[in-house]
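Written out below as structure tokens is the structure these notes cover.
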Amino acid sequence: MRFWVIKSEPDVFSFADLQRVGREPWNGVRNYQARNFLRQMRVGDLCLFYHSNAKPPGLAGVARVCGEAVPDDLQFDEASAYFDPRSSRENSRWSMVFVEPLVAFPALVSLDTLRTLPEWAESPLTRKGTRLSVLPAEGQQFWEALDAAGLSLEDLNGLSA
DNA sequence: GCCAACGTTGGC
DNA sequence: GCCAACGTTGGC
């Protein structure tokens, strides 16, 4: 199992929104490096759900990959802001995965807090200027974030698969 | 293949 | 709203 960070603007789609819908296509990613990470995701991988452009920004919960990469439907939709005229059904350029909520953090683990954590201090997420919306995380980082949220492995184990 | 112009991200 | 960072585009 691998760990990831996925970013979303809560005004657009928050962790609470994910809990409400239950399962969400993670589409609209239009950066090649982020797309390549999406393609590496496997069912069961755990994603820290990061609220960007928020007050304050930070980690809001844990999501789980429940569907692996398929062509992102929005790239074919002329009405979508994510439409890509260079893409075709035969030769699709962008991918999406599916995620489901696993557990909401009792309180947001803010970016300020993350910067105080040893495992996160030097990470791309906390470094200024990193704009990747999907990035890998280390296991140590994941557990440290979970701990900072006041949760433990048992809190994850207690949840249905 | 270089690189300037441009657009977007996202913290502040 | 500002602007630093940085990915992308397109002329050459």
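Please read these numbers as outputs of a predicted model, since none were measured by experiment. Chain identifiers are assigned alphabetically (A, B, ...) following the order of the sequence lines, protein sequences preceding nucleic acid strands; residue numbering begins at 1 within each chain.
In this structure, A:Gln33 has no side-chain hydrogen bond (donor to acceptor under 3.5 Å, both in side chains) partners at least two apart in sequence or on a different chain. Partners of A:Trp120 according to the side-chain hydrogen bond (donor to acceptor under 3.5 Å, both in side chains) rule, which considers only residues two or more places apart in sequence or in another chain, do not exist here.
Within residues 24-34 of chain A, the residues approached by DNA chain C to less than 4.0 Å at the level of any non-hydrogen atom are A:Asn31, A:Tyr32, in residue-number order. Applying a 4.0 Å cut-off to non-hydrogen atoms, the residues of residues 119-132 of chain A that approach DNA chain C are A:Lys128, A:Gly129, A:Arg131, listed by residue number. Within residues 84-95 of chain A, no residue approaches DNA chain B, by heavy-atom distance under 4.0 Å.
For A:Trp26 and A:Phe49, the ring centers are positioned less than 6.0 Å apart.
Judged purely by atom type and a 3.5 angstrom limit, A:Ser8 has no side-chain atom pairing as donor or acceptor with the backbone of A:His51. Checking side-chain atoms of A:Glu144 against main-chain N and O of A:Glu119 turns up a donor-acceptor pair under 3.5 Å. Under a 3.5 Å cut-off, the side chain of A:Asp155 and the backbone N or O of A:Ser152 do form a donor-acceptor pair.
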inquiry  = Run A:Trp94 and A:Tyr32 through ring-ring contact (aromatic ring centres under 6.0 Å, His included) and show every step you take.
reply    = CA-CA 8 Å; A:Trp94 305 110; A:Tyr32 286 107; 4.7 Å; yes
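Reading DNA chain B from its 5' end, the first and the last nucleotide to sit under 4.0 Å from a heavy atom of chain A are B:dG7 to B:dC12.
Pairs of residues two or more places apart, or lying in two chains, that qualify as side-chain hydrogen bond (donor to acceptor under 3.5 Å, both in side chains) and include a residue from residues 12-23 of chain A are A:Ser14-A:Asp17, A:Asp17-A:Arg20. Within the structure, salt bridge (charged side-chain N to carboxylate O under 4.0 Å, His left out) pairs that include any residue of residues 28-50 of chain A comprise A:Arg30-A:Asp72, A:Arg42-A:Glu68 (at least two apart or interchain). Every pair passing side-chain hydrogen bond (donor to acceptor under 3.5 Å, both in side chains) that includes a residue from residues 125-142 of chain A is listed here, sequence neighbours excluded: A:Ser123-A:Thr126. The salt bridge (charged side-chain N to carboxylate O under 4.0 Å, His left out) contacts involving residues 80-90 of chain A comprise A:Asp84-A:Arg86, A:Asp84-A:Arg93, where partners must be two or more places apart or lie in separate chains. Applying the salt bridge (charged side-chain N to carboxylate O under 4.0 Å, His left out) test to residues at least two apart or on different chains, none of the pairs has a partner in residues 5-14 of chain A.
Defining each end axis of the helix from B:dG1-C:dC12 to B:dC12-C:dG1 as the rotation carrying four pairs' C1' atoms onto the next four, with five pairs an end, the two axes are found to diverge by 10° to 10 degrees.
A:Leu18 CG to A:Cys47 SG: the interatomic distance, rounded to the nearest 0.5 Å, is 10.0 Å.
Closest of all the heavy-atom pairs between A:Leu135 and A:Phe37 is CA-CD1, 4.0 Å.
The closest side-chain donor-acceptor pair between A:Thr116 and A:Thr113, if any, does not fall under 3.5 angstrom.
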